[in-house]
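Report on one structure; see the data block that follows.
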Amino acid sequence: MKRILSCMQPTNRLQLGNYLGALRNWVALQDEEGGKNECLYGVVDLHAITVPHNPLALAQATRETAAAYIAAGVDPKRSYIFVQSSVPAHCQLSWLFTTQTPMGWLNRMTQFKDKAGKNKEKASVGLYSYPILMAADILIYKATHVPVGEDQKQHLELARDIAGSFNEKFNSGKEFFIPPEPYIMGTATRVMSLRDGTQKMSKSAESDMTRINLTDDADTIANKIKKAKTDAGVVPHNDGECEGRPEAANLIGIYAALADQTKEQVMQEYGGQQFSGFKSALVDLSVAKLSPITSRMSELMSDSAEIDAILKAGAEKANELAKPTLEETIKLMGFWS
Ligand code: AMP
Ligand code: TRP
């Protein structure tokens with residue numbers, strides 16, 4: 001049996017890239033193997049506070065992220081949806097790992113360098129040690145498979161190293177922590193900004209016109225797609241014609257992902273046409289696919305009691321699963337207890 005775990009941070013609004021690159025695959029994994037996989041999906045609020053955050057908005061952003069999981073098709077009856085801070089074992093295990101992880105391993109993490117930028121001295125220690133908390137998120141449940149985007153592969157590799165080194169030091173090399181497998185799904189799509197095809201679509205980009213939020217209504221989606229950057233050419237016929245045209249390639253990729261088609265199929269249908277026509281088709285498709293998600297999300301957000309009850313049940317289950325791993329780890333490390 002596979003135990004699948006993945007998480008997102010409750011920062012800003014979720015956007016189309018989160019759906020096509022992550023959430024959609026989480027749902028597929030939940031439904032795979034006739035529903036036999038055990039799936040845990042976390043909202044990692046402790047990761048979100050590694051950069052300055054607004055205490056007045058955190059709880060609501062946490063609910064909204066969980067609502068997006070459910071609206072996208074994660075079924076709380078079959079998958080566990082939980083909030084990281086409601087399972088204290090994540091922090092406890094994270095500290096144990098922090099003391100065992102060489103600084104050299106963290107110094108290699110490229111995401112810290114990107115996120116801290118020039119202001120390394122001012123970045124929080126938490127931002128630096130963030131990948132250790134992520135390793136704890138995964139290893140505390142002995143998850144076997146972790147669906148993540150390319151940008152998280154290095155962090156997953158670190159989790160594998162932490163697991164291996166713990167097993168070596170404290171369990172005579174026998175497997176206690178399971179080195180998790182990255183699960184880079186074939187269907188995952190890297191969605192780029194609507195304004196610059198070389199930049200990832202991101203919920204933290206300054207301009208809202210660069211992304212489609214999972215809370216955007218039909219008119220907003222239409223407006224953003226119509227204003228999306230393209231070039232003077234027509235819709236390409238093949239990959240070769242996409243060369244050097246990242247914006248065209250991106251719109252085709254989004255269409256293909258939403259329609260469950262290959263890019264080739266999309267280019268066969270629309271190749272040679274003006275972008276205006278293709279964009280209209282993309283608007284219709286996007287609205288058709290996203291509006292059920294949007295409306296389910298707003299329904300869930302209008303009644304926080306329902307979402308809170310789901311998160312409470314998820315926390316109970318997650319705590320139950322985490323407890324024996326933490327107890328065993330403490331024993332293996334030789335603590336008094
Ligand atoms: P983030 O929003 O960066 O915290 O990412 C949460 C999850 O969504 C991760 O699994 C990312 O890989 C995925 N994701 C975020 N943005 C995109 C994007 N533009 N294209 C594909 N996947 C994305
Ligand atoms: N670091 C991940 C991101 O920013 C989020 C995350 C935290 C995560 N813990 C995790 C993803 C555990 C997978 C498994 O996207």
Side-chain angles (χ1 to χ4, degrees), residues 3-27 29 39-51 61-62 64-65 68-69 72 74 82-85 87 90-91 93-94 97 109-112 114-115 126-127 129-160 162-163 180-205 210-214 246 249-250 253-254 256-258 318 322:
R3 185 176 278 176
I4 316 271
L5 173 118
S6 200
C7 307
M8 276 190 212
Q9 300 185 47
T11 34
N12 305 316
R13 299 238 136 107
L14 275 77
Q15 39 81 19
L16 185 64
N18 297 122
Y19 176 61
L20 293 177
L23 289 180
R24 208 167 65 136
N25 303 317
W26 295 9
V27 177
L29 285 165
C39 300
L40 287 137
Y41 296 124
V43 180
V44 284
D45 51 354
L46 297 168
H47 276 104
I49 63 163
T50 57
V51 292
T62 300
E64 191 173 287
T65 305
Y69 295 1
V74 175
F82 67 95
V83 179
Q84 185 185 34
S85 62
V87 189
H90 289 242
C91 279
L93 187 62
S94 176
F97 286 161
M109 298 294 119
T110 55
Q111 193 176 74
F112 173 73
D114 292 346
K115 282 199 180 173
L127 187 66
S129 65
Y130 163 126
I132 302 181
L133 179 59
M134 178 163 163
D137 297 338
I138 299 167
L139 300 179
I140 193 77
Y141 301 109
K142 301 196 173 179
T144 55
H145 293 79
V146 181
V148 286
E150 283 289 327
D151 58 329
Q152 296 297 320
K153 260 169 89 178
Q154 197 185 31
H155 292 162
L156 213 60
E157 203 50 54
L158 182 83
R160 291 175 60 81
I162 289 177
E181 292 290 337
Y183 214 68
I184 311 281
M185 308 213 19
T187 50
T189 306
R190 199 171 146 85
V191 182
M192 310 309 280
S193 156
L194 297 178
R195 286 309 177 95
D196 175 354
T198 63
Q199 298 290 320
K200 218 172 87 162
M201 185 180 284
S202 158
K203 53 189 171 180
S204 53
T210 60
R211 63 181 161 257
I212 293 173
N213 301 302
L214 293 185
N250 185 37
I254 293 174
L258 285 171

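Because the structure is a prediction, the values reported are computed rather than measured. We count ligands from 1, going down the list as the structure has it; atoms in each ligand are counted the same way.
- No side-chain heavy atom of Leu214 sits less than 4.5 Å from a side-chain heavy atom of Arg13.
- The closest side-chain heavy-atom distance from Leu23 to Met8 is below 4.5 Å.
- Ring geometry for Tyr69 versus Tyr41: interplanar angle over 60°, hence perpendicular rather than tilted (30 to 60°).
- Lys142 pairs by the salt bridge (Lys or Arg N to Asp or Glu O under 4.0 Å) definition with nothing, not counting sequence neighbours.
- When the side chain to side chain donor-acceptor pair (under 3.5 Å) test is applied to Asn213, the partners found at least two apart in sequence or on another chain are Asp208, Arg211, Asp216.
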Table of N or O contacts for ligand 2, cutoff 3.5 Å:
from: ligand 2; atom 1: 1 (N); to: Tyr130; atom 2: OH; distance (Å): 2.6
from: ligand 2; atom 1: 1 (N); to: Gln152; atom 2: OE1; distance (Å): 3.0
from: ligand 2; atom 1: 4 (O); to: Gln9; atom 2: NE2; distance (Å): 3.2
from: ligand 2; atom 1: 4 (O); to: Tyr130; atom 2: OH; distance (Å): 2.9
from: ligand 2; atom 1: 4 (O); to: Gln152; atom 2: NE2; distance (Å): 3.4
from: ligand 2; atom 1: 9 (N); to: Asp137; atom 2: OD2; distance (Å): 2.6

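- Put simply, the side chain of Gln154 gets close to the backbone of Thr110: a donor and an acceptor are under 3.5 Å apart.
- Proximity of a side-chain donor or acceptor of Asp45 to a complementary backbone N or O of Ser85 within less than 3.5 Å is detected.
- Side chain to side chain, Gln15 and Asn18 meet the donor-acceptor criterion of an N or O pair below 3.5 Å.
- Using a 4.5 Å heavy-atom threshold, the side chains of Asp196 and Thr210 count as separate.
- Near ligand 1, Met8, Gln15, Gly17, Asn18, Gly21, Ala22, Gly149, Asp151, Thr189, Arg190, Val191, Lys200, Met201, Lys203 each place a heavy atom less than 4.0 angstrom from the ligand.
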